[in-house]
Amino acid sequence: MQKKFILNIFILATATALLFFINLFFGTVKFSLADLQNPSIANIFYEIRIPKAFTALLAGAALALAGLLMQTLFRNPLAGPYVLGISSGASLFVAIAIMLVNSFGLGDHYFVGKTIISISAIVGALLVTLVILFISKKSGSNITVLLVGIMLSQILGAFQGLIEYLASADSLKTFVIWGMGSVSNTTNKDLGLMLPVCGVLFFSSLFLAKPLNALLLNESYAQNLGINVAKLRITIIVITAVLTGIITAFCGPIAFVGMSVPIACRLLFKTSNQLHQIVYCILLGACTLLFCDSVCQLLSTNFSLPINTITTLIGSPFVIYLIFRSRTLN
Amino acid sequence: MIELKDLHIGYSFQKRPSTSSGTVFENLNVEFNKGELIGLVGDNGIGKSTLLKTITGNLKPLKGTILINGKSLDTISAKEISKNISIVLTDKIGGFNLTVFDIVASGRIPFLNAFGQLKTEDEEIVKQSLENTGLAELSNKLIDELSDGQRQKVMIAKSFAQQTPVILLDEPTAFLDYTSKQHLFKWLKQMCVEQQKTIIVSSHDLEILFKNVDKVLYLKNDKTFVFGKAEAIKTYFA
């Protein structure tokens, strides 16, 4: 078991490193390693490509981990930040924050502007997660939770549309580009915010493995196994909201990664051990978004496609396939 | 030893708005001793499961106290309770790649490190529990592939692996065939005698229950209870 785990990590880590390296050389400007002597190419490489590849890696890993935590908490394999409207909650609050930041001219102060937007996204994600948790407790049905999540997503989307309609031309442009989802718009400064937050949460989540293993049975059994279920629930909600919020703030809402990657990990690695699943999800999530971003760059020579086009094209058929595999969905 | 003192069980008003008070059963005063196999009987909805969940701390008592070896349940941490009391519920467990081994091994969770890694001794205990319940050959099967009776045995094996001095079983015989029921009671009896455990079993299989248990707690429909030797309580069902 342990040997298999180490081998799988090695394979996934190698694939991540390889996809990261490939991603560095995919973009509208084509160059090779030798071209890095050229200052303008080096500038593109260090100021655009490296932050883009790191963002894809972090965003994929963060959303996949958030998805895994939510699926275990709700005991629902179809749960995920995008499907349940949590990304929409973050998006709405980001839209409000962008409008306020632009109105008060706070966009000129980098950290003030970015911090307000990030915190707003986290608060939006947190509020929707709490609503979903409340509905899950009331209903107990996986399908109800899912339907409410989808409806909530629509309602929040409508409010966001209203804000966009009322927004100034500058803010509207920012919304539209950001709303398509992209890992290309982040800078090294942005990474300075994202990297420590995600790093700390990735590491902390490893310590949730034991309580999550107990929670796989159900909440009553978890409690009887000495787990403080109320504390665990809050911890999971905070981690998923912060991960989803911060990624949505910088990359926009990214579809399907959060839901599909944990399911793919369960299908591929056939283990219920949550310590293993956490590591698998982080690595496979990173691989998935690096791959999707590389495909976005490949399909167009003059500009990069919005990443949601690819994640949806790959993610949706996968989810439809899973819906027909009733056993996997329990 | 478990003592129930003036115990009122049920659900808080907020959780059960449909009922006027949420109280399921009142004024329970009972002592369960070490080495006793106890039967818990009564009609559906009388409060057997509620009582078992209250003793494990899953539900808070509405009034009164539960003492475990003289210490009030309120003052004992969840972790300490998990090392003293294990429970088998009627809930169906499944999905998420859970195998028979995984579920039985979850009984060791209170004793594991922060990452939940099983040590050699934990694996030995899990294997022993699987063998004792006749599940060794199904160890690597997914729980979803088992029959209801086999699932029931898996949860019982999990409870054995938890190695607690007190074991509570909520209708463990519900899906078992006659031979498995007999085996189950044989193991339970053996554990009570050899390991001085206190085991409480709720069941509607009165014949096999009365044949095997030492004492019976009967929760009656008029909301009173009787507790005593199995032969004495059996007369209420004559």
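Every chain is numbered from 1 and lettered A, B, ... according to where its sequence line falls, protein lines coming before strand lines. Quick caveat: nothing in here was measured; it's all calculated off a predicted structure.
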* Go through the steps to decide whether A:Lys270 and B:Leu142 satisfy the test side-chain contact (heavy atoms from CB on, under 4.5 Å), and finish with yes or no. => CA-CA 10 Å; A:Lys270 311 247 182 247; B:Leu142 287 176; over 6 Å; no
* Kindly determine whether B:Lys158 and A:Leu225 satisfy side-chain contact (heavy atoms from CB on, under 4.5 Å), including the steps that lead there. => CA-CA 11 Å; B:Lys158 179 219 72 102; A:Leu225 292 168; 4.1 Å; yes
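Taking CG of B:Asn97 as the reference point, atom CG of A:Leu267 lies at 7.5 Å (rounded to 0.5 Å). Rounding to the nearest 0.5 Å places CD1 of B:Ile109 at 13.0 Å from OH of A:Tyr221. Remark: B:Asp170 CG to A:Ser220 OG distance equals 11.0 Å, nearest 0.5 Å.
Nearest heavy-atom pair, A:Asn224 versus B:Asn58, reported as atom, atom and distance to 0.1 Å: N-OD1, 4.2 Å. A:Asn76 approaches B:Phe96 most closely through the heavy-atom pair N-CZ, 4.0 Å. Annotation for A:Leu216 and B:Ile93: closest pair O-CG2, 4.4 Å, computed over non-hydrogen atoms.
Annotation for B:Lys189: atom NZ counts as buried by contact number, over 12 foreign heavy atoms lying within 6.0 Å. The local environment of NE2 in B:His183 is sparse, with at most 12 non-hydrogen atoms from other residues, nucleotides or ligands closer than 6.0 Å. Other residues, nucleotides and ligands place no more than 12 heavy atoms under 6.0 Å from the CZ atom of A:Phe291. Around atom CZ of A:Phe269, more than 12 heavy atoms belonging to other residues, nucleotides or ligands sit under 6.0 Å away.
Neither the backbone nor the side chain of B:Glu80 has a heavy atom closer than 4.5 Å to any heavy atom of chain A. Looking at A:Gln274, neither its backbone nor its side chain comes within 4.5 Å of chain B, counting heavy atoms on both sides.
Of the residues considered (A:Leu212, A:Leu217, A:Leu275), A:Leu217 shows the highest number of contacts with chain B, using heavy-atom pairs under 4.5 Å. When each of A:Thr72, A:Leu206, A:Asn213 is checked for heavy-atom pairs under 4.5 Å with chain B, A:Leu206 comes out on top. Considering only heavy-atom pairs separated by less than 4.5 Å from chain A, the leading option among B:Gly57, B:Ser82, B:Ser77 is B:Ser82.
Counting only distance, with no hydrogens or angles, the side chain of A:Lys210 and the backbone of B:Leu112 share a donor-acceptor pair below 3.5 Å.
Within the 4.5 Å cutoff, no side-chain heavy atoms of B:Phe115 are placed close to those of A:Leu208. Contact of the A:Ile227 side chain with the B:Lys79 side chain is not registered, since no non-hydrogen atoms from C-beta on lie closer than 4.5 Å.
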